[in-house]
Novice: 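Just dropping this structure here.
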Amino acid sequence: MKTVILCGGRGTRLGEHGRSVPKALIKIGGKPILWHLIRTYSHYGVDDFVLCLGFLGDEIRAYFQQDPIGQKIEFVDTGQDTNTGGRLKRVKEYLSGEDLFCVTYGDGLADLDVNDLVHFHRSHGKIATVTAVHPYSNFGLMDIGDDNSVLRFREKPLLKEWINGGFFVFDNRIFDHLDDDSVLEREPFESLCEKGEMIAYRHDGFWKCMDTFKDSLEFEKIWMEGAPWKVW
């Protein structure tokens, strides 16, 4: 079974780090976040990868050629500024013969049981499974009483709402919903939802993405304290 990793975007919110280093190569504990992601999937026996390269893609290719991780990796240039759906469509030929495959972004980690996710996908028979996670608030919240008195402050709590956690399983019918410039999370997902072809896999455990430089510092702290995604 193959895993497609979308790692061609620009880390625009990472400041200087995002201009000089691909986001997927930002390090946690001395290894790129992409390395951690590959190790996680491999732990569950999913160790055949297709990397959708774009911005500074040669640096990603060079890193894994100089420091091979042991898994089978196909490096595919999917364009400097191609949207996520377009990147996935451009690697269709590398997925021929696969009845289904995993897809994820190259900037997020979770203590996710990949085998359970795949089993869940097979159980419902729809085109797409998306992992749903609870995000933390970007801001501290205030609880206010009916008389406008401030009851308490809550420092960036875990929210009850669900968001797209970026760990997917698709079957090959997904390509019927993609074009060369589609944004995976917009029209393709909207179409799948309208047709009842997307099912949510609820994950209540750890999840975090590398969106800003502050996230990279938080990832490093979590790693030092005992990374919950480290299953290898």
Side-chain angles (χ1 to χ4, degrees), residues 2-44 46-78 80 82 84 87-88 91 102-114 117 130-131 133-136 138 163-168 184-185 203 205-232:
K2 295 188 177 183
T3 297
V4 176
I5 303 181
L6 302 168
C7 49
R10 299 173 184 268
T12 55
R13 299 183 63 189
L14 281 162
E16 180 59 34
H17 283 70
R19 288 189 288 273
S20 59
V21 178
K23 188 195 290 191
L25 291 188
I26 299 292
K27 292 184 177 180
I28 304 169
K31 294 290 187 180
I33 186 171
L34 181 57
W35 181 92
H36 291 260
L37 191 58
I38 290 172
R39 289 295 302 270
T40 299
Y41 274 92
S42 296
H43 171 78
Y44 293 100
V46 184
D47 55 3
D48 194 343
F49 297 90
V50 179
L51 303 190
C52 296
L53 305 181
F55 179 66
L56 298 178
D58 286 344
E59 294 193 21
I60 295 176
R61 188 194 307 268
Y63 178 88
F64 287 100
Q65 288 176 342
Q66 293 168 8
D67 185 14
I69 196 170
Q71 286 74 24
K72 181 181 178 182
I73 300 177
E74 295 278 1
F75 301 94
V76 185
D77 183 359
T78 55
Q80 283 288 302
T82 309
T84 47
R87 290 192 191 281
L88 181 55
V91 297
C102 295
V103 175
T104 192
Y105 306 118
D107 62 356
L109 295 171
D111 59 346
L112 180 72
D113 185 327
V114 175
L117 173 63
V130 55
T131 298
V133 299
H134 293 292
Y136 281 92
N138 288 326
I163 66 168
N164 167 16
F167 293 88
F168 311 101
L184 184 63
E185 304 78 7
H203 177 63
F206 173 85
W207 172 87
K208 185 173 178 58
C209 68
M210 181 83 74
D211 193 32
T212 65
F213 179 65
K214 183 179 178 182
D215 289 323
S216 70
L217 299 178
E218 291 175 353
F219 262 123
E220 194 67 30
K221 182 174 182 291
I222 295 168
W223 174 259
M224 295 296 292
E225 293 173 348
W229 67 85
K230 188 178 182 297
V231 289
W232 58 89

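These numbers were taken from a predicted model, which means no experiment stands behind them.
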Novice: Write down the atom of Asn164, the atom of Glu185, and the distance for their closest heavy-atom approach.
Specialist: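 So the minimum-distance heavy-atom pair works out to ND2-CG, 4.1 Å.
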Novice: Under the rule for side chain to side chain donor-acceptor pair (under 3.5 Å), what residues qualify as partners of Thr82, not counting sequence neighbours?
Specialist: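 Only Arg90 meet the side chain to side chain donor-acceptor pair (under 3.5 Å) criterion with Thr82.
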Novice: Can you find a heavy atom in the side chain of Ile26 that is under 4.5 Å from one in the side chain of Asp215?
Specialist: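 They are not in contact (no side-chain heavy atoms under 4.5 Å apart), so the answer is no.
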Novice: Would you compute the distance between atom OG1 of Thr3 and atom CD1 of Ile73 and round it to the nearest 0.5 angstrom?
Specialist: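 Here the rounded value is 11.0 Å.
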Novice: Output all residues satisfying ring pair (Phe, Tyr, Trp, His ring centres under 6.0 Å) with Tyr63, sequence neighbours left out; order by chain, then residue number.
Specialist: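 Per chain and number, Tyr63 pairs via ring pair (Phe, Tyr, Trp, His ring centres under 6.0 Å) with no residue.
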Novice: Below 4.5 Å, heavy atoms only, C-beta onward: do Val21 and Leu56 meet side chain to side chain?
Specialist: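 No, their side chains stay 4.5 Å or more apart.
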Novice: Nearest heavy-atom pair of Leu6 and Val103: which atoms, and what distance?
Specialist: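 The pair with the smallest heavy-atom distance is CD1-CG1, 4.2 Å.
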Novice: How far apart are the closest heavy atoms of Ile60 and Leu51, and which atoms are they?
Specialist: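 Nearest pair, atom of Ile60 first, then Leu51: CG2-CD1, 4.1 Å.
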Novice: Below 3.5 Å, can you tabulate the donor-acceptor pairs from side chains in residues 221-232 to any protein atom, sequence neighbours excluded?
Specialist:
residue, atom, partner, partner atom, Å
Lys221, NZ, Glu225, OE2, 2.7
Trp229, NE1, His36, ND1, 3.2

Novice: Measure from the side-chain N and O atoms of Gln80 to the backbone N and O of Gly54, and report whether any donor-acceptor pair falls under 3.5 Å.
Specialist: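 Yes.
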Novice: Restricting to non-hydrogen atoms, name the atom on Lys23 and the atom on Met210 that form the minimum distance, rounded to 0.1 Å.
Specialist: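 So the two residues come closest at CD-O, 3.1 Å.
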Novice: In terms of ring plane angle, is the pair Phe206 and Phe219 parallel, tilted or perpendicular, where the classes change at 30° and 60°?
Specialist: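 It falls in the perpendicular class, over 60°.
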Novice: In Å, rounded to the nearest 0.5 Å, how long is the span from CD1 of Ile163 to OG1 of Thr131?
Specialist: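 The CD1 atom of Ile163 sits 11.5 Å away from the OG1 atom of Thr131.
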Novice: Who are the ring pair (Phe, Tyr, Trp, His ring centres under 6.0 Å) partners of Phe168, not counting sequence neighbours?
Specialist: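 Checked Phe168 against ring pair (Phe, Tyr, Trp, His ring centres under 6.0 Å); matches are Tyr105, Phe170, Phe189.
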Novice: First locate atom CG of Asp77, then atom CZ of Arg61, and finally report the distance between them rounded to the nearest 0.5 Å.
Specialist: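 Answer rounded to 0.5 Å: 7.0 Å.
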Novice: Could you measure the distance from the CG atom of Leu109 to the OG1 atom of Thr40? Nearest 0.5 Å is fine.
Specialist: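 Spacing of CG (Leu109) from OG1 (Thr40) equals 6.0 Å.
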Novice: Looking at every heavy atom in both Ile28 and Glu220, which two are closest together, and how far apart are they?
Specialist: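 Residues Ile28 and Glu220, closest heavy atoms: CA-OE1, 3.4 Å.
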Novice: Where the side chain of Arg87 meets the backbone of Leu53, is there a donor-acceptor pair that is under 3.5 Å apart?
Specialist: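 Flag set: sc Arg87 to bb Leu53 pair under 3.5 Å.
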Novice: Side chains of Thr104 and Tyr41: closer than 4.5 Å at any heavy-atom pair?
Specialist: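 A side-chain contact exists here, since the closest heavy-atom pair is under 4.5 Å.
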Novice: I need the minimum non-hydrogen distance between Leu37 and Gly108, along with the two atoms involved.
Specialist: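 Shortest heavy-atom contact: CD1-O, 3.4 Å.
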Novice: How long is the straight-line distance from CZ of Phe75 back to CZ of Phe64, given to the nearest 0.5 Å?
Specialist: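 Rounded to the nearest 0.5 Å, the CZ-CZ separation comes to 7.0 Å.
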Novice: Please list all pairs meeting salt bridge (Lys or Arg N to Asp or Glu O under 4.0 Å) that have one or both residues in residues 33-43, counting only residues at least two apart or in different chains.
Specialist: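 For residues 33-43: none.
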Novice: Could you measure the distance from the CG atom of Asp47 to the CD1 atom of Ile69? Nearest 0.5 Å is fine.
Specialist: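 Rounded to the nearest 0.5 Å, the CG-CD1 separation comes out at 10.5 Å.
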Novice: List the residues meeting salt bridge (charged side-chain N to carboxylate O under 4.0 Å, His left out) with Glu218, not counting sequence neighbours, and say none if there are none.
Specialist: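 Checked Glu218 against salt bridge (charged side-chain N to carboxylate O under 4.0 Å, His left out); matches are Lys208.
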Novice: Do Asp111 and His203 have side-chain N/O donor and acceptor atoms under 3.5 Å apart?
Specialist: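 Indeed, the side chains of Asp111 and His203 share at least one donor-acceptor pair under 3.5 Å.
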